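Below is one structure, written out as structure tokens; comments come after it.
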Amino acid sequence: MAKVQKIKGFADLFPDEAAKYTFMESCAREVFSRYGFGELRTPILEKTELFQKSIGEDTDVVGKEMFTFPDRKDRSLTMRPEATAGVVRAFIESKIHQPGNVSKFFTFGPMFRYERPQKGRQRQFHQIDAEIFGADEPQADAELILMLTSFLNRIGLKNLTVEINSLGCHECRPAYKQALVDYYHSKDKANFCEDCRRRMETNPLRVLDCKVPTCKELVQDAPVITDHLCPDCEAHFADVRAVLDGAKVAYTLNPRMVRGLDYYVRTCFEVTSNDIGSQTAVAGGGRYDGLVRNLGGPDCPGTGFACGMERLALLLDDIAPEAPDFYLAVVDQEASNEAMLFAQALRKKGLSGEVSFAGGSMKSRMRAANKSGAKTCLIMGGSELADETITVKDMAGNREQETLDRKLYLASL
RNA sequence: GUGGGUGUAGCUCAGUUGGUAGAGCACCUGGUUGUGGCCCAGGUGGCCGUGGGUUCAAGUCCCAUCACUCACCCCA
């Protein structure tokens, strides 16, 4: 029989790996709740138009990376490729927004993008995501960065770089875009790569972070956004930096950083690592003031970030499972049922451990006991052992053991 | 979507100029050890990814295909 195998880019996480994800999630809950964020869970499947309207038709994500398919009534559905769109949709639909109020949510779970898998990139991947609605203040952006770095610190990661930039707003970005286009036109078009020649018309900002060496060189002297910010954006960005400076968060300014999703304005940021293969971004985010309105909601500002759990997991050390309290070795079939019941009694007392099933030799069972890392090995059954008794063996160096009455042993715990 | 690399035992890998397969670890059995860790002896286990082709003969050469992997691209 041919075996059915998993879909490309979809992974099974066995206990060692799953433990890392559980760890990250519990740290996120712990840290984020300290900042007043509440957990929000949204559906994995959404109407395709949600992503077209929010992420942008011209982005790679929407253009060629979505898992999109019709349902039984021929409506186009899409497995969410990122979290923000769904969170915004839920926020709007809930009608919880009141002018002047602030809402903070975090969420995590699987996201889906149809890309070629490689190190730090799966088709089903997982993000931890946080969003703030209703605050256009720069302090909201700064708070997100503080919370994000606290979280990364909490899970024990070092050697990460925080980069920030401002993308301007609807007032000043058009002028900057024009300045960029003018700059490109002053150069010989043929020197740009094919993608950039297209991008300088459709999305001039993207040319800035093209990785083709010739493009990089051409872009070296291009005007930078931070020189073209309007006074409001300038002041906004200055305040974000001031909070970060005050909190002593190390960051670098990267005026060439742009974001892949269309909805970002003003503050944007990225956290990168050099230790995860060719990928570098472990987290990214920014402000999206027009998005809520674009999706049919009130005129409500928003800002948020997402971090990639697969990439963080690459940086995490292995998490040692907690050693069980006991391993109950059953000597013969006759004692098996008794052993199961006795183990239940131990667990009711709050102890953890497993019972050997009766197959195999005593030697292999003792090996299993040793391998399990249990603090105590319990032995039941066997002709030389009287009924109602249990042998208790210390698995540490001195390996002392004694045989006693089961009821007395239970009572002594 | 485009490139490169790799597919041999449960795992990590050897396999020489083509002659129907090996090691270590793991596992099992026995011995020793207070019934486990160390040690000793033995043992189970491989359509050599799949399908074609060349050849007297293919793990080894050729073609195709699938899978995994790294990178481009893009992003978290």
Side-chain angles (χ1 to χ4, degrees), chain A residues 2-3 5-9 11 24 55 58-66 81-84 108-130 148 152 160 193-196 199 203 206 209-213 257-261 264 269-273 276-286 304-315 327 329-332 356 359-374 376-385 391-403:
Chain A
K3 57 188 166 193
Q5 35 191 332
K6 65 176 182 284
I7 303 169
K8 185 197 285 286
M24 287 188 271
I55 299 171
D58 189 51
T59 59
D60 282 357
V61 171
V62 171
K64 50 189 186 189
E65 295 174 358
M66 296 204 301
E82 57 106 37
T84 303
F108 35 66
M111 311 290 160
F112 305 84
R113 290 184 199 173
Y114 197 95
E115 301 180 274
R116 198 78 169 268
Q118 67 188 69
K119 189 169 187 180
R121 195 173 83 183
Q122 292 284 307
R123 287 184 176 180
Q124 176 179 332
F125 59 104
H126 299 76
Q127 288 190 337
I128 296 175
D129 179 271
L148 175 58
L152 295 171
L160 297 175
C193 73
E194 198 183 321
D195 284 332
C196 284
R199 283 193 285 232
N203 197 344
R206 300 233 44 123
D209 70 346
C210 181
K211 278 155 195 156
V212 176
M257 178 173 63
V258 300
R259 312 254 58 226
L261 313 182
Y264 288 110
F269 54 93
E270 220 166 76
V271 181
T272 59
S273 164
I276 51 173
S278 77
Q279 314 295 332
T280 57
V282 298
F305 68 77
C307 43
M309 297 178 76
E310 276 71 14
R311 294 178 187 180
L312 295 177
L314 288 173
L315 297 168
Y327 182 94
V330 184
V331 179
D332 50 32
S356 75
S361 65
M362 194 56 198
K363 185 170 186 167
S364 66
R365 278 196 287 278
M366 290 309 290
R367 274 188 196 150
N370 198 49
K371 220 163 86 177
S372 77
T376 306
C377 180
L378 304 173
I379 301 164
M380 280 176 70
S383 50
E384 62 272 31
L385 285 177
T391 299
V392 182
K393 180 168 189 141
D394 180 15
M395 296 298 276
N398 54 6
R399 53 180 179 173
E400 283 169 22
Q401 71 175 57
E402 56 181 335
T403 298

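Keep in mind that what you see is a predicted model, and the values were worked out from it rather than measured. A, B, ... follow the sequence lines: proteins, then strands. Residue 1 opens every chain.
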**Report entry** Rounded distance in Å between the C1' positions of B/rA9 and B/rA21
**Finding:** 11 Å
Query raised in the report: If we take the C1' atom in both B/rG49 and B/rU8, what is their distance in whole Å?
Result: 10 Å
Query raised in the report: A/Arg311 side chain: which of B/rU35, B/rC74, B/rC75 is closest?
Result: B/rC75
Report summary line: Whether each nucleotide of nucleotides 4-12 of chain B has a protein heavy atom under 4.0 Å at its base (B), only at its sugar-phosphate (S) or at neither (-) is summarised, 5' to 3', as ---------
Report task. Could you check A/Asp60 against A/Ser364 and say which one's nearest nucleotide on RNA chain B is further toward the 5' end? Result -> A/Ser364
**Report entry** Non-hydrogen side-chain atoms of A/Asp394 and A/Thr376 separated by less than 4.5 Å
**Finding:** no
Query raised in the report: Of all the choices, B/rA76, B/rC73, B/rU35, which nucleotide is nearest to the side chain of A/Lys64 once you look at every atom?
Result: B/rC73
Report task. Grab the CD-P distance between A/Glu310 and B/rA76 for me, whole Å please. Result -> 14 Å
Query - C1' atoms of B/rU69 and B/rC62, separation to the nearest Å - result: 24 Å
Requested in this report: Give the rounded distance in Å between these two atoms: CD of A/Gln122 and P of B/rC75.
Outcome: 19 Å
**Report entry** Side chain of A/Lys8 (C-beta onward), nearest among B/rC68, B/rC74, B/rC27
**Finding:** B/rC68
Query raised in the report: Do A/Arg113 and A/Phe125 meet the cation-pi criteria used here (NZ or CZ under 6.0 Å from the six-membered ring centre, within 45° of the axis)?
Result: no
**Report entry** Atom-pair distance (CZ on A/Arg259; C1' on B/rC74), nearest Å
**Finding:** 12 Å
Query raised in the report: On a whole-Å scale, what distance lies between the P atoms belonging to B/rU44 and B/rG7?
Result: 27 Å
Query raised in the report: On a whole-Å scale, what distance lies between the C1' atoms belonging to B/rG45 and B/rA23?
Result: 15 Å
Report task. Can you tell me the distance, in whole Å, between the NZ atom of A/Lys371 and the C1' atom of B/rA26? Result -> 7 Å
Requested in this report: Hey, which sits more toward the 5' end of RNA chain B by its nearest nucleotide, A/Gln279 or A/Lys6?
Outcome: A/Lys6
Query - Nearest-angstrom distance from the residue atom CD of A/Gln118 to P of B/rC75 - result: 13 Å
Report task. Nearest whole angstrom, please: distance from the C1' of B/rC25 to the CZ of A/Arg367. Result -> 13 Å
Query raised in the report: Looking at B/rU29, B/rA71, B/rU35, which one has an atom nearest to any side-chain atom of A/Ser361?
Result: B/rU29
Query raised in the report: Nearest-Å distance, CG (A/Asn370) to C1' (B/rG36)?
Result: 5 Å
**Report entry** Heavy-atom closest pair, residues A/Gly120 and A/Arg311
**Finding:** O-NE, 2.8 Å
Report summary line: Looking only at B/rG30, B/rC73, B/rC74, the nucleotide nearest the A/Lys363 side chain is B/rG30
Query raised in the report: The side chain of A/Met366 lies closest to which of these nucleotides: B/rG36, B/rA76, B/rC70?
Result: B/rG36
Report summary line: Picking from B/rG36, B/rU29, B/rA71, the nucleotide nearest the side-chain atoms of A/Lys393 would be B/rG36
Query raised in the report: How long is the span from the CG atom in A/Asp332 to the CE atom in A/Met362, to the nearest 0.5 Å?
Result: 10.0 Å
Report summary line: Taken to the nearest whole Å, CD/A/Glu82 to P/B/rC75 is 12 Å
Query - A/Leu312 side chain near A/Met24 side chain, heavy-atom distance below 4.5 Å - result: yes
**Report entry** Pairwise C1' distance, B/rA67 and B/rG15 [rounded to whole Å]
**Finding:** 23 Å
Query raised in the report: Which of these nucleotides, B/rA76, B/rC74, B/rU35, is closest to any side-chain atom of A/Thr391?
Result: B/rU35
Report task. Looking only at non-hydrogen atoms, find the nearest pair between A/Val330 and A/Ser356 and report the distance. Result -> N-OG, 2.9 Å
Report task. Consider the side chain of A/Arg206, meaning its heavy atoms from C-beta on, and name the nucleotide among B/rG36, B/rC74, B/rC27 that approaches it most closely. Result -> B/rC74
Query raised in the report: Going by heavy atoms in the side chains, are A/Pro117 and A/Lys8 under 4.5 Å from each other?
Result: yes
**Report entry** Out of B/rU35, B/rA76, B/rC74, whichever nucleotide has its closest atom nearest the side chain of A/Leu261
**Finding:** B/rA76
Query raised in the report: When rounded to the nearest 0.5 angstrom, what distance separates CD1 in A/Ile7 from CZ in A/Arg123?
Result: 9.5 Å
Requested in this report: Toss me the dot-bracket line for RNA chain B: Watson-Crick and G-U wobble, both under 3.5 Å, 5' to 3', using | for pairs to another strand and [ ] for crossers.
Outcome: (((((((..((((........)))).(((((.......))))).....(((((.......))))))))))))....
Query raised in the report: Could A/Glu115 and A/Arg121 be called an ion pair, given the rule that one side-chain N must be under 4.0 Å from one carboxylate O?
Result: yes
